[in-house]
Every structure is written in C-alpha cells, then in structure tokens.
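Just so it is clear, the values below take in all heavy atoms, side chains as well, and ignore hydrogens, waters and symmetry mates. Please read these numbers as outputs of a predicted model, since none were measured by experiment. First the proteins, then the strands, lettered A, B, ... as listed; each starts at 1.
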Protein chains: 2
Amino acid sequence: MLVKEIGEQGLLKILQRFCPSDIIGDDGAVLPIAAKKSLVVTTDVLVDNIHFSENTTSASDVGWRSAAANLSDLAAMGASPLGITVGLALPGDTTVDWVENLYQGMTQCLRKYNTPIVGGDIVRSPIINVAITAFGEVSPERTIRRNQARVGDAIVVTGCHGASRGGLELLLNPNLKTNLSTYEKVALIKTHQRPKPRLDVLPVLWEIVDSHSILDICGMDTSDGLADAILQICHSSQVGAAIEATKIPLHKAFQSWLTPEQALNYALYGGEDFELMLCLPKEASTELVSKLGNSAAIIGTIIDSDKVLLQDQYKKNPDQVLNLNRGFQHFSN
Amino acid sequence: MLVKEIGEQGLLKILQRFCPSDIIGDDGAVLPIAAKKSLVVTTDVLVDNIHFSENTTSASDVGWRSAAANLSDLAAMGASPLGITVGLALPGDTTVDWVENLYQGMTQCLRKYNTPIVGGDIVRSPIINVAITAFGEVSPERTIRRNQARVGDAIVVTGCHGASRGGLELLLNPNLKTNLSTYEKVALIKTHQRPKPRLDVLPVLWEIVDSHSILDICGMDTSDGLADAILQICHSSQVGAAIEATKIPLHKAFQSWLTPEQALNYALYGGEDFELMLCLPKEASTELVSKLGNSAAIIGTIIDSDKVLLQDQYKKNPDQVLNLNRGFQHFSN
C-alpha cells in the first residue's frame with residue numbers, strides 16, 4: 001500500500017496510533033511544564049540518501065536514530081524530555097509500511113524515556129526528509145553549557161567512541177575481511193543502528209554536582225565526533241585542552257580489527273556515538289567516572305591555551321593539534 | 001556565492017545574525033517559560049515546488065509565510081509565541097543570498113510579534129525543505145480548542161476569506177484579464193505573500209471571554225480554508241453547523257472580478273488566509289465582531305446535526321452539504 005493511495009488523512013489516522021490520544025487534533029500540542037523550569041528546544045533534520053540509506057538503515061532504525069539524536073541533544077543540555085514533533089516530507093509512492101516502521105522505531109526509542117510524539121506535519125516531497133524537534137525542561141541552575149569549561153577541569157567522556165563508525169563500516173562493506181567474531185560485528189552494528197541517548201547520566205551527574213557544589217556545568221554530546229566536541233567546548237569557553245590519546249575509551253573489538261591509528265581516527269572523527277563530554281573539577285570527574293562505569297573515562301585536561309593537543313602518553317608520537325577539517329563537512333560534496 | 005562554497009560553518013555564521021546572540025551555540029536553546037503556563041508546540045513543513053515556487057514566491061516571502069503560518073497556529077491555540085526553530089535542508093548550489101533572504105523574511109514577520117529564531121539545523125539535500133517548529137505559552141484556562149463548540153454558538157471569522165487564493169491566481173497568471181485596478185491587484189497579491197497571523201485577536205478575545213465568564217473557548221485557524229476549519233471543528237466537537245453563504249466576508253475586489261460562485265469557492269476552499277474561526281455564545285460573538293471590526297463577521301451557527309450546511313439567505317440556491325473532498329489533498333497528485 002502506498003501513501004498516495006490512502007492520502008494525508010489516511011496516513012494521519014495510522015500515525016496517530018503512535019501519539020497520546022489526548023494531544024491530537026488541534027493546531028498545536030499543549031504540554032504542561034513544571035514551575036521554575038526552563039524550556040529546552042533542539043532540532044535535527046535527516047535526508048534520505050544523505051543521513052541514512054536503505055543499505056545500512058531500515059525505516060525503524062532511521063526512526064530510532066532520529067529520536068535518539070534529539071534526546072541526546074536534550075541530555076547534553078541537562079534537560080528531561082517532554083516530547084518531540086515530527087515534520088515528515090515524503091513521496092506519494094513511499095509505502096505506508098515504511099512510514100509506520102519509521103514511527104515504530106521512533107516510539108521504541110522514545111518509550112524508554114517516557115517521551116511522546118506530540119505532533120507534526122506530513123507533506124508531499126520528491127525526497128524523504130525527517131525534521132524532528134525535541135523539547136525538554138531543565139532547572140536553570142542545572143543547564144549544561146558548552147562555554148563553562150575552566151582551566152584545570154578534567155574532561156570526561158561517558159563511554160566508548162568510534163563504535164558507531166565501526167558499525168557503519170561493517171554495514172557498508174558486508175564482505176569486509178576482519179578477525180571479528182559474529183558477536184562483535186553485531187554489537188558494533190547495533191551501536192550504529194540503535195544508539196542510546198545518555199539521559200541516564202543526568203541523575204548521577206546531579207548527585208555529584210550537588211555534593212561538590214558545582215555552579216556551572218560544562219558539556220555537550222559527541223554526536224559529531226569526539227574531536228568536534230572538545231573543539232566546540234574549547235572554542236565556546238575560550239580555553240584549550242590536552243587530550244591523552246591512550247585514555248580515549250575504544251570498543252574492545254577494535255583491537256582485533258583496526259590499527260591503533262585507525263581506531264583513534266574512528267573515535268575522534270567517526271561521530272554518532274551520542275555519548276556526553278563533560279568538563280568538571282578533577283575530584284568530581286573521578287567520582288562521576290567511577291559511578292558511571294561502563295567505559296566512562298577522564299581523557300584529558302582543560303588548559304590555558306588556544307589549541308587542543310592530542311598527546312601520546314608514552315611519547316612515541318609527537319603532540320598533534322586537533323582541528324575540525326578532518327571532521328564531517330556537510331556541504332563539501 | 002553558493003552555499004557549498006562557504007560550507008555549513010560559513011552559512012551558520014551568516015544565519016546567526018538573525019538569532020539572539022545569547023541563545024546560540026549549544027545543543028539546544030534554553031527559554032524561560034512563565035509560571036502556570038502550558039507549552040504549545042506546532043510544526044509546519046514547506047517543500048520547494050510544492051508549497052512555494054520561484055514564480056510566485058521570493059525567498060523572503062517564503063520566509064515570511066512560513067513564520068506566519070506557524071504563528072497563526074499558535075494564535076489558533078490562544079498562545080503567545082516564545083520562539084521558532086528552523087530545520088533547513090537545501091542543495092549545495094543554493095545561493096547564499098537565497099538563504100539570507102529566507103531568514104530575512106522570517107525575521108521581518110517574527111519581529112512584529114517579538115518572536116526570536118532560537119535554533120535549528122542546516123543539512124544538505126537535493127531539494128529545499130523548510131521545517132519550522134513554533135512554541136508558545138498559554139494559560140491552561142485560555143487554551144483554544146477545536147472540540148469545544150456547542151449547539152447554539154455563533155461562528156465568528158476574524159476577517160476576509162479567499163483573498164490569498166485570489167492573489168495566488170494573479171501571480172500564476174500575470175496576463176489574466178480582469179477589471180481589477182493595480183491597487184486591488186497589489187492588495188490581493190500582498191495578502192498571499194505576506195499574510196498576518198491574527199495574534200492581535202487574542203487580547204480582544206480574552207477581554208470578552210473574561211467579561212462573559214466563558215470557560216471553554218472553541219476555535220482554530222483557517223489556514224486550510226474556511227470549509228476545512230468549520231468541518232474540523234464540527235468533527236472534533238461532534239456537532240453540525242449552518243453557514244450563511246452571504247455572510248462570509250469576501251475581499252471587495254472580488255465584486256469586479258469573480259462571479260459570486262467563484263468568490264465563494266475561493267473563500268471556502270482557497271486556504272492560507274490565516275484568519276481565526278471562533279465558536280462562542282451569541283452575545284460574546286457579537287461583541288467580539290464589533291470590537292475587531294475589519295471584516296470580522298458571524299457567518300453561522302453551531303447546530304445539533306452531523307452535517308455542515310451552506311445556506312443561501314435568499315433561498316436562491318438549495319442548501320449545500322460541505323465536505324472536504326473539494327479541499328486540498330496533499331498526496332493526491
């Protein structure tokens with residue numbers, strides 16, 4: 001069955017099953033917001049054949065990933081999610097199945113975080129375009145910002161980096177010869193297809209922030225890669241950083257598959273791991289890493305500099321200066 | 001200069017001039033929201049060559065119209081705007097000028113209502129797609145809903161209908177022979193290119209709602225045409241309506257241009273007038289219409305029925321039953 005066969009009204013009826021019934025059918029959705037909380041808003045757009053493709057991503061994975069990316073942005077601000085809207089543009093000969101699977105994937109991810117789809121728009125277009133806006137609420141004093149890093153802060157990452165890039169590589173090259181076990185392959189691919197926004201980090205973080213009386217919390221998510229995150233934070237905070245390459249947590253499977261240089265490259269520039277990077281005083285950072293476990297690590301220090309240095313602990317290699325040119329440039333091709 | 005020549009970062013720098021500087025550069029925008037207010041969210045997607053085209057709409061008009069459409073949805077909920085996000089997908093060979101003009105048009109409209117662009121996303125795509133999400137705040141007791149119409153309510157529209165459709169016709173057929181003066185033509189075209197969201201209606205409405213102790217306010221905007229609005233309200237409220245065709249306010253210029261049937265057709269099905277339709281007790285409605293002036297009118301009554309009847313006051317024509325099939329069907333071609 002194709003979208004054009006059931007029309008906009010028919011499609012809406014099917015998709016409304018994925019939304020809370022009390023919120024549908026007006027010009028806008030109405031949501032309560034708690035007293036003394038600020039609203040946090042974030043938007044992401046995904047385009048067919050650019051941000052996803054049929055070879056690597058099923059409709060339900062596109063749905064999951066788009067929801068996860070937006071929830072990750074909320075987590076990166078310290079916000080609890082309230083809901084998302086979905087602005088969907090698609091050709092009339094898209095199958096209804098595809099659209100249902102997209103919404104199924106979204107709600108599978110959102111359900112884990114009690115987040116509803118509260119509205120949206122569906123329009124005809126020659127190409128599939130999924131625009132998601134997520135909104136959440138945050139206490140003003142717990143808002144996580146990029147521009148709060150201070151010299152001496154430890155740089156924490158909440159988990160492994162490069163795994164999503166590794167999974168993508170396996171999906172793009174199904175006949176790639178590796179020493180990976182099927183189990184490892186599946187794990188890497190799942191990391192790419194079903195990333196988890198790190199909203200679970202927030203309650204742990206609040207505990208530590210409160211006990212250490214930290215006033216300004218610095219951080220962001222690593223959706224565009226670890227290098228991008230540290231460079232963005234340093235740029236916003238007008239500081240530099242010294243990163244110890246060997247401290248960057250990598251997926252175990254990389255050892256039997258990639259050279260150390262490749263693995264580091266995936267971690268720095270791969271992106272889409274949707275972990276958080278946080279800059280906090282040393283003691284608080286150590287406590288956070290130990291409470292989070294699961295590959296959370298301190299990977300470096302904020303320094304008084306205009307550069308981000310990548311250092312080799314064993315001094316085998318000279319310091320590198322990180323820059324974004326190796327990162328993803330959206331309009332360059 | 002093309003978008004691909006300056007890249008995402010270059011484009012972002014230009015577009016940030018259109019946003020408040022204190023809100024930029026984090027994973028999300030943070031906005032205060034007043035105590036005891038609910039959040040209202042609404043999303044619209046516009047696609048090149050479907051919702052706008054170079055023949056009829058300049059980039060700045062696309063910007064104005066997309067902002068106006070979203071603010072109109074907020075007005076239709078009774079909400080004061082807090083901000084919008086813009087999810088923009090576009091080909092690398094779009095000119096930077098086009099994108100700047102788009103944002104200029106948006107901010108020209110938004111400025112009139114003190115509404116900032118608070119964030120968004122810019123991605124590459126083979127086709128231009130503009131997804132806007134607007135959010136506002138509303139007192140729970142002043143939320144305007146579609147499902148609150150009651151038998152006996154008068155049906156108010158806040159202004160002329162069909163003018164936007166008329167303007168579009170003139171734009172699509174520049175050599176069309178009409179008796180219209182240049183002044184009239186320009187007025188109709190401007191109505192199409194620069195529609196005004198009726199946020200100005202709200203303070204007047206609140207005054208009347210308060211003085212008449214009205215608890216449930218029913219209404220929506222007429223962005224998809226007057227017929228669509230009344231049918232949606234009746235469907236949501238499980239009531240019918242009797243509309244008097246001769247009471248529907250039409251643009252003066254129609255008299256020297258269109259037959260009465262054509263004019264009525266434009267008003268009912270043309271869409272994009274972005275007026276409000278409100279269903280209120282008779283006395284309150286009369287007061288609202290007189291306070292609003294400017295072509296606001298009572299066009300009919302909510303009745304106990306499952307139909308929406310279009311009646312001819314002079315009984316020249318039999319009653320018609322309105323239905324949406326003549327309205328716009330997004331996926332039908």
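For A/N147 and A/S236, the side-chain atoms include no donor-acceptor pair closer than 3.5 Å. With no hydrogens or angles considered, no side-chain donor-acceptor pair links A/E275 and A/T222 at under 3.5 Å. When only modelled atom types and interatomic distance are considered, B/S72 and B/S223 share no side-chain donor-acceptor pair under 3.5 Å.
Under the rule for a ring-ring contact (aromatic ring centres under 6.0 Å, His included), the partners of B/Y103 that lie at least two apart in sequence or sit in another chain are B/F18. A search for side-chain hydrogen bond (donor to acceptor under 3.5 Å, both in side chains) contacts involving A/Q148 returns nothing, not counting sequence neighbours.
No side-chain heavy atom of A/V209 sits under 4.5 Å from any side-chain heavy atom of A/R142.
Contact annotation for B/V45: both backbone and side-chain heavy atoms come within less than 4.5 Å of a heavy atom of chain A. Interface residue B/I144: only backbone heavy atoms are found under 4.5 Å from chain A.
Among residues at least two apart or in separate chains, there is no side chain to side chain donor-acceptor pair (under 3.5 Å) pair with a member in residues 30-40 of chain A.
Counting heavy-atom pairs under 4.5 Å between each of B/R145, B/M220, B/E137 and chain A puts B/R145 at the top. Looking only at heavy-atom pairs under 4.5 Å with chain A, the residue among B/L74, B/T143, B/T43 that has the most is B/T43. Counting heavy-atom pairs closer than 4.5 Å to chain B, the top residue among A/V47, A/V40, A/V41 is A/V41. Per-residue heavy-atom pair counts under 4.5 Å with chain A were compared for B/D73, B/L46, B/D48, and the maximum is reached by B/D73. Highest contact tally toward chain B, considering only A/I127, A/I132, A/L39, A/D44, is held by A/L39 [criterion: heavy-atom pairs under 4.5 Å]. Most heavy-atom pairs under 4.5 Å with chain A, from the set B/I33, B/N49, B/N70, B/I6: that is B/I33. Between chain B and the residues A/G120, A/A35, A/A131, the most heavy-atom pairs under 4.5 angstrom are made by A/G120.
Between A/D27 and B/R146 there is a salt bridge, since at least one side-chain N of the basic residue sits less than 4.0 Å from a carboxylate O of the acidic one. A salt bridge links A/E272 with A/R65: at least one charged nitrogen is closer than 4.0 Å to a carboxylate oxygen.
Inspection of non-hydrogen atoms places B/A76, B/M77, B/L82, B/T85, B/G87, B/L88, B/A89 of residues 75-89 of chain B under 4.5 Å from chain A.
The shortest non-hydrogen separation linking B/I233 to B/M277 is CD1-SD, 3.8 Å.
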